[in-house]
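In the text below, chain A, chain B and the rest are named by the order of the sequence lines, each starting its count at 1. Nothing here was measured: the structure is a model prediction, and the numbers come from that model.
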Amino acid sequence: MLRPAKAGRSVSLAWLGAVPFLIYVFAFLLLPAGQVLVGAFKDQQGGWTLENISTLFDEPYRSAYRNSIEVSLVTALVGGFLGFMIAYSVIREGTPRFLRSAFTTFSGVAANFAGIPLAFAFIATLGTIGIVTQFLTNLGWNPYDHGFSLFSKTGVEIVYLYFQIPLMLLVISPAIDGLKREWREAAANLGASPLQFWRHVGLPVLMPSLLGAMILLFGNSFAAYATAYGLTAGGVNLVPITIGFFYTGDVLSNPHLGEALALGMLVVLALMMLAYVPLQRRASRWSR
Amino acid sequence: MRRWISPGAVVWILIGAAYFLIPLAATLLFSLRDQTTGKCCTLANYEEIIDDPAFWTSMRVSFIVALETIVISLALLVPTLYWVNLKLPRLRPVIGFLALVPFVVPPIVLVVGLFAVYQDSPDWFFAEPYGFLPAAYVILAFPYIYFSLDAGFRAIDIHTLTEASQSLGAGWWTTITRVILPNIRTAVVAGALLTIAIVLGEFTIASLAVFDTFPTYVQYINQNKTYPAGAVTLLAFALTWAAMVTVAIGGRRRTSTMVGH
């Protein structure tokens, strides 16, 4: 059916209402991201080059990516596992209700409590004169005499878990809520042991949510700058830290290499997001 | 139905509680130590921070930047989301997609791009914290404000409210400020508080752009004064805590389905 001309015009004019917002997002998000993409392929004189990208595969940049991916993988897996176990323990029957709201509220805070203050909280705990370090030393076992350091890759992982575990708890709780009690009862009536229930019902249903949540955790850790900086002042070679050096360091360096490093992060995070969205869609099937 | 908490659950809950509380307790103990003797307990570290003019200057900068960020974000998003829900439902998935982009473009990448685009822009924008930082923070806060407002808009019937308002003779401005805003105020307040938490904790962009905000002040204290750093760290945690708990309580009271972490 033909639409009257007047209605057609009002529809096209209605688009104008979204223009200020779209301009803002373009100017301060899409244009800068696009500039990173283009700048990564430029040389100092403004010509096109693949030099910056190929430099990413040389040291120390190759190690920076390897470290960043390793830290993100470890904290996503360990944080995902601990977050899930804690979330399940808090939600399952028998646990007092107040514990659930306490953990959820606290996780909302802790998941946002990244950065400089978090780094210091762990320096006060596990730093060379930290409370726990001193406690262990008094027991006769100084962790710093046994190869441990908070200002290392392991240290960064321990600190990142402080926001990874609560993020997992927040993201996975709705999925655990979606595990219907009838399923467990039905499985039990059919003679399934708790282990069999998890093996054949619980985990398969939760799997898309678990994978999606861990991808989110991976990206969360991969993008983090402030916490690692506050902890080690740049002593651990991670991609965001290396990018930071390009803009704060005394060395006059090639900004296009910084853009190439940033582009590498964009690519990794975009791949994560591409994997995340379909998983999320599949996970929501059970919560309908 | 099980009546008692299972032993396995107790173990995991204790591990979780220990992991989260021990660093906070350690920070508290640090903040109470005497700077010269290292012995407990004194409030001198808190006094030192409160008497430090740099603390108040950085707080002022951060709060003004937070306020600017909130005003710009709401002025952009409230009318846009209202309009999109009312007249342009086809644009909704586009905005939902844009709200995911900041997760792919983290602060460290965003700041690199902003430098490249705006390095030659006028000083009142590029060299002033009140210009550059809110411009970037609106983008960082965008997903959180969007998810909060979107939930708010879903919970009300904007078509009926708009028709009722307009049939009583109200214009667009009156409709938005006197009819729509009061109906989504919980979502607006939640978005604003999340923004305060984000701005008071954002270090990456402020540090690379060399502006003195509260987080860069905390970093300065951390590097130079061990025990006062405990005091200022706890303060930062308390501010995040206050903002987030207010959001949680407000959300529960209205039993709206807030999204976001």
Segment of [X] engaging chain B (4.5 angstrom heavy-atom cut-off):
| X | value |
| --- | --- |
| A:L99 | side chain |
| A:P255 | neither |
| A:V132 | side chain |
| A:L22 | side chain |
| A:A102 | neither |

Sort and list the pairs that fulfil side-chain hydrogen bond (donor to acceptor under 3.5 Å, both in side chains) and have at least one residue in residues 195-208 of chain B, not counting sequence neighbours. B:Y137-B:E202

For [X] and [Y], work out which heavy atoms get closest and say how close.
| X | Y | value |
| --- | --- | --- |
| A:M265 | B:P106 | CE-CG, 4.2 Å |
| B:L88 | A:A18 | CD1-CB, 4.3 Å |
| A:T95 | B:A9 | OG1-CB, 4.2 Å |
| B:Q219 | A:G230 | OE1-CA, 3.8 Å |
| A:Y162 | B:P23 | CE1-CG, 3.9 Å |
| A:S89 | B:G8 | OG-O, 4.4 Å |

Between A:F81 and B:W12, ring centroids under 6.0 Å: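 Ring-ring flag for A:F81/B:W12: true, centres closer than 6.0 Å.
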
Taking the six-membered ring for Trp and the full ring for Phe, Tyr or His, determine whether the centres of A:F106 and B:W241 are under 6.0 Å apart.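 Yes, they do, as the ring centres are separated by less than 6.0 Å.
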
Looking at chain A, which one of [options] has the largest number of heavy-atom pairs inside 4.5 Å, strictly under?
| options | value |
| --- | --- |
| B:K87, B:R33, B:Q223 | B:R33 |
| B:P79, B:A116, B:A229 | B:A229 |
| B:V245, B:L28, B:L91, B:V84 | B:L91 |
| B:Y227, B:Y118, B:F142 | B:Y118 |
| B:A236, B:G201, B:G230 | B:G230 |
| B:T240, B:L235, B:N222 | B:N222 |

What part of [X] gets closer than 4.5 Å to chain A, counting heavy atoms only: side chain, backbone, both or neither?
| X | result |
| --- | --- |
| B:Y82 | neither |
| B:A197 | neither |
| B:I198 | neither |
| B:I221 | neither |

Inter-residue atom distance [X].[atom1] - [Y].[atom2], 0.5 Å rounding:
| X | Y | atom1 | atom2 | value |
| --- | --- | --- | --- | --- |
| A:F120 | B:S31 | CZ | OG | 8.5 Å |
| B:T27 | A:F122 | OG1 | CZ | 9.0 Å |
| B:I108 | A:I243 | CD1 | CD1 | 5.5 Å |

Any side-chain heavy-atom pair from [X] and [Y] closer than 4.5 angstrom?
| X | Y | value |
| --- | --- | --- |
| B:L98 | A:L30 | yes |
| A:Y24 | B:I72 | yes |
| B:I13 | A:F103 | yes |
| B:F20 | A:I165 | yes |
| A:Y225 | B:V109 | no |
| A:P96 | B:I5 | yes |
| B:F237 | A:L118 | no |

Considering residues, nucleotides and ligands other than B:Y220, do more than 12 of their heavy atoms fall under 6.0 Å from its OH? no

Taking heavy atoms only and a threshold strictly under 4.5 Å, list by residue number the residues of residues 267-279 of chain A that touch chain B; give 'none' if the list is empty.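 Only A:L269, A:A270, A:M273 of residues 267-279 of chain A have a heavy atom under 4.5 Å from chain B.
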
What residue, out of A:G17, A:P32, A:A114, has the most heavy-atom pairs lying under 4.5 Å from chain B?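 Highest number of heavy-atom pairs under 4.5 Å: A:P32.
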
At a heavy-atom distance under 4.5 Å, which candidate from A:L263, A:L261, A:V19, A:I129 has the highest pair count against chain B? A:I129

Show, in sequence, the C-alpha distance, side-chain angles and deciding distance for A:F28 and B:F132, and conclude whether the ring-ring contact (aromatic ring centres under 6.0 Å, His included) test is met. CA-CA 10 Å; A:F28 294 110; B:F132 188 76; 8.6 Å; no

